Trainee: 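The structure's right below; bear with me while I get my questions together.
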Protein chains: 2
Amino acid sequence: MNFAPLLSYIENHISLTEDERLFLQSKIKLRSYLKGQFIVQQGDVCNTTNFIVSGCTKMFHADAEGMEHIVMFSEENWWSSDLGSYISQAPADYNIQCTEPTKVIQFSYQNQEELFEKIPKLERFFRIILEKALVASQKRIVRNFSLPAKERYLYFKEQYPTIEQRIPQYMIASYLGITKEFLSKIKSQLILKQ
Amino acid sequence: MNFAPLLSYIENHISLTEDERLFLQSKIKLRSYLKGQFIVQQGDVCNTTNFIVSGCTKMFHADAEGMEHIVMFSEENWWSSDLGSYISQAPADYNIQCTEPTKVIQFSYQNQEELFEKIPKLERFFRIILEKALVASQKRIVRNFSLPAKERYLYFKEQYPTIEQRIPQYMIASYLGITKEFLSKIKSQLILKQ
DNA sequence: AAAAGAGGTTAATCTAGATTACTATTTATT
DNA sequence: AATAAATAGTAATCTAGATTAACCTCTTTT
């Protein structure tokens with residue numbers, strides 16, 4: 001069981017004693033998923049928060065017409081869960097599906113209170129993580145309104161160069177809120193200009 | 001000095017001892033702004049987190065062409081700050097301007113660590129608030145992609161009925177990511193259908 | 001090696017929403 | 001009461017990006 005990536009990630013933000021580290025490890029689990037498997041499915045309750053050790057996931061919402069809208073990709077050293085479902089233990093609005101074979105470390109809802117009680121510093125850790133995620137999410141809302149699709153694509157490439165390599169283009173189009181045909185057009189325009 | 005609205009808001013999520021309540025009160029400040037005044041201006045560092053006691057604010061980004069993009073409105077019992085600027089103490093990307101005379105309770109960046117150290121439960125409180133805000137923000141990203149402007153407007157009216165009353169239409173259009181002319185068209189279509 | 005599937009490209013046509021420009025209203029200001 | 005600002009509404013024209021419908025790779029499966 002290799003919890004090292006999570007521990008070093010956590011210890012970038014707070015420091016843990018040896019006892020705390022052991023207690024934390026006793027309360028989390030490693031789990032492997034195959035490519036295509038779902039960590040959460042829309043309609044089910046999401047009762048884990050997942051830290052990605054290796055692999056990649058997409059979080060998406062399927063709308064009334066069955067169209068997929070990708071909200072985020074998560075790769076190594078990032079989180080993947082339907083937070084809304086997790087915190088209120090209500091049916092999920094999103095699906096989380098592995099785009100590759102993926103290993104995650106799972107925090108379960110049942111163990112969460114106990115973890116926070118025994119290691120209050122974890123509240124701080126998650127507070128900090130959430131602050132960063134909220135900032136990124138708010139910035140994305142503005143970008144989606146203020147930038148045309150081509151600029152959003154360039155921004156995406158710059159910010160997430162590793163994700164573009166491992167994800168098919170049609171999913172990137174969905175993340176950007178455009179069709180795959182239009183993304184293809186943008187790419188050919190960019191090639192012509194160089 | 002009336003800190004009651006903040007205290008009762010906090011005590012919906014965690015409970016404070018009398019000492020903690022007094023310490024908290026010693027570290028926060030009430031401040032009044034006139035209509036039109038800025039709590040933060042794009043480019044400045046945001047060093048307060050503001051809890052709104054009365055009034056209303058808009059948070060917006062002015063893009064390269066000077067166009068305003070409204071990210072959120074905040075009214076009584078909600079928060080208003082450029083979180084990205086606050087947590088990293090870097091120049092703000094957003095402006096926060098009062099759309100009415102507004103009274104806020106301010107948490108300063110300088111006092112924040114001390115508050116968290118003396119009252120660790122506040123970490124939990126902010127963790128919970130941030131979770132909710134992040135969920136709302138992610139849902140908005142999906143709505144912006146999956147719903148046409150008319151549906152987004154109807155959703156806004158339903159979710160924030162009190163805000164529509166106190167904010168001019170052209171600002172609501174900006175929040176929805178459409179022009180004021182198009183919002184006007186949507187409204188007249190809705191009236192015809194009834 | 002043929003067929004099927006998954007991913008990507010191109011081009012014609014269509015539409016939600018932007019832009020421009022002008023006309024009311026409503027609210028402050030003198 | 002008159003004038004100037006702000007706020008709203010309407011209508012014609014325009015465009016970013018959607019839709020549809022081809023075709024073109026590669027892989028994978030049989």
Side-chain angles (χ1 to χ4, degrees), chain A residues 34-37 56 58 60 63-70 73 97-101 141-157 163-194, chain B residues 34-37 56 58 60 63-70 73 97-101 141-157 163-194:
Chain A
L34 300 174
K35 177 174 173 169
Q37 280 193 312
C56 187
K58 62 170 172 169
F60 67 97
D63 69 20
E65 283 81 42
M67 279 275 297
E68 285 193 9
H69 301 276
I70 296 181
F73 299 109
Q97 189 177 16
C98 301
T99 60
E100 301 174 10
I141 290 174
V142 176
R143 277 199 309 277
N144 288 348
F145 280 145
S146 60
L147 300 180
K150 190 194 282 183
E151 307 302 319
R152 294 197 316 263
Y153 170 61
L154 290 170
Y155 184 87
F156 171 79
K157 274 176 63 128
I163 288 185
E164 209 197 1
Q165 256 65 60
R166 63 207 293 189
I167 291 286
Q169 250 183 66
Y170 72 93
M171 289 187 194
I172 292 170
S174 169
Y175 174 87
L176 294 172
I178 58 178
T179 58
K180 58 185 165 42
E181 291 84 356
F182 193 58
L183 178 53
S184 182
K185 198 170 172 179
I186 286 171
K187 290 187 86 169
S188 65
Q189 279 174 12
L190 289 170
I191 290 163
L192 283 177
K193 275 191 187 163
Q194 300 291 14
Chain B
L34 300 174
K35 177 175 174 169
Q37 279 192 311
C56 187
K58 62 170 173 170
F60 67 97
D63 69 19
E65 281 82 43
M67 280 274 298
E68 285 193 10
H69 301 276
I70 295 181
F73 298 109
Q97 189 177 16
C98 300
T99 60
E100 302 174 10
I141 289 174
V142 176
R143 278 199 308 278
N144 289 347
F145 281 146
S146 59
L147 301 180
K150 191 195 280 182
E151 307 302 318
R152 295 198 314 265
Y153 171 61
L154 290 171
Y155 183 89
F156 171 79
K157 274 176 63 123
I163 288 185
E164 209 196 1
Q165 257 64 60
R166 64 208 290 189
I167 292 285
Q169 249 184 66
Y170 72 93
M171 289 187 195
I172 291 170
S174 169
Y175 174 87
L176 293 172
I178 58 178
T179 58
K180 57 188 168 35
E181 291 84 357
F182 193 57
L183 178 54
S184 183
K185 198 170 172 180
I186 287 171
K187 291 187 85 168
S188 65
Q189 279 172 13
L190 288 170
I191 289 162
L192 284 176
K193 275 191 185 162
Q194 300 292 13

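Throughout, a chain's letter reflects where its sequence line sits, starting with A, and its residues are numbered from 1. What you are looking at is a predicted structure, and each value in this text was computed from that prediction instead of being measured.
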Trainee: Starting at CZ of A:Phe182 and ending at P of C:dA16, how long is that distance when rounded to a whole Å?
Mentor: 17 Å

Trainee: Roughly, in whole Å, what's the span from CG in B:Leu183 to C1' in C:dA16?
Mentor: 15 Å

Trainee: Ignoring the backbone of B:Pro148, work out which of C:dG17, D:dG17, C:dT20 is nearest its side chain.
Mentor: C:dG17

Trainee: Can you tell which of C:dT20, D:dG17, C:dG17 lies closest to the side chain of B:Glu181?
Mentor: C:dT20

Trainee: Nearest 0.5 Å please: distance from the OG atom of B:Ser184 over to the CD atom of B:Gln169.
Mentor: 6.0 Å

Trainee: So how far is it from A:Arg166 CZ to A:Thr99 OG1, rounded to the nearest 0.5 Å?
Mentor: 6.5 Å

Trainee: Keeping the roles fixed (side chain from A:Ser174, backbone from A:Glu68), state whether a donor-acceptor pair exists under 3.5 Å.
Mentor: yes

Trainee: C:dT10 C1' sits how many Å from A:Gln189 CD, rounded?
Mentor: 13 Å

Trainee: Which whole-number value in Å describes the distance from B:Tyr153 OH to C:dG17 P?
Mentor: 15 Å

Trainee: Tell me the interatomic distance from B:Lys35, atom NZ, to D:dA6, atom P, rounded to whole angstroms.
Mentor: 11 Å

Trainee: Would you please confirm or rule out a distance under 4.0 Å between OP1 or OP2 of C:dG17 and any side-chain N or O of B:Thr179?
Mentor: no

Trainee: Donor-acceptor pair, B:Arg143 side chain versus B:Arg152 backbone, under 3.5 Å?
Mentor: no

Trainee: Measure the distance from NZ on A:Lys185 to C1' on D:dG17 and round it to the nearest whole Å.
Mentor: 7 Å

Trainee: Round to a whole Å and report the spacing from NZ of A:Lys180 to P of C:dT9.
Mentor: 11 Å

Trainee: In whole angstroms, how far is the P atom of D:dG17 from the CZ atom of B:Phe145?
Mentor: 11 Å

Trainee: Taking the side chain from B:Gln97 and the backbone from B:Gly36, do they hold a donor-acceptor pair closer than 3.5 Å?
Mentor: yes

Trainee: What residues from residues 163-176 of chain B pass a heavy-atom cutoff of under 4.0 Å to DNA chain D?
Mentor: B:Pro168, B:Gln169, B:Tyr170

Trainee: Taking atom types as modelled and ignoring hydrogens, do the side chains of B:Tyr153 and B:Glu164 form a donor-acceptor contact shorter than 3.5 angstrom?
Mentor: yes

Trainee: A:Pro101 versus A:Lys35: any side-chain heavy-atom pair under 4.5 Å?
Mentor: yes

Trainee: Would you say B:Ser188 places a side-chain N or O within less than 4.0 Å of OP1 or OP2 belonging to D:dG9?
Mentor: no

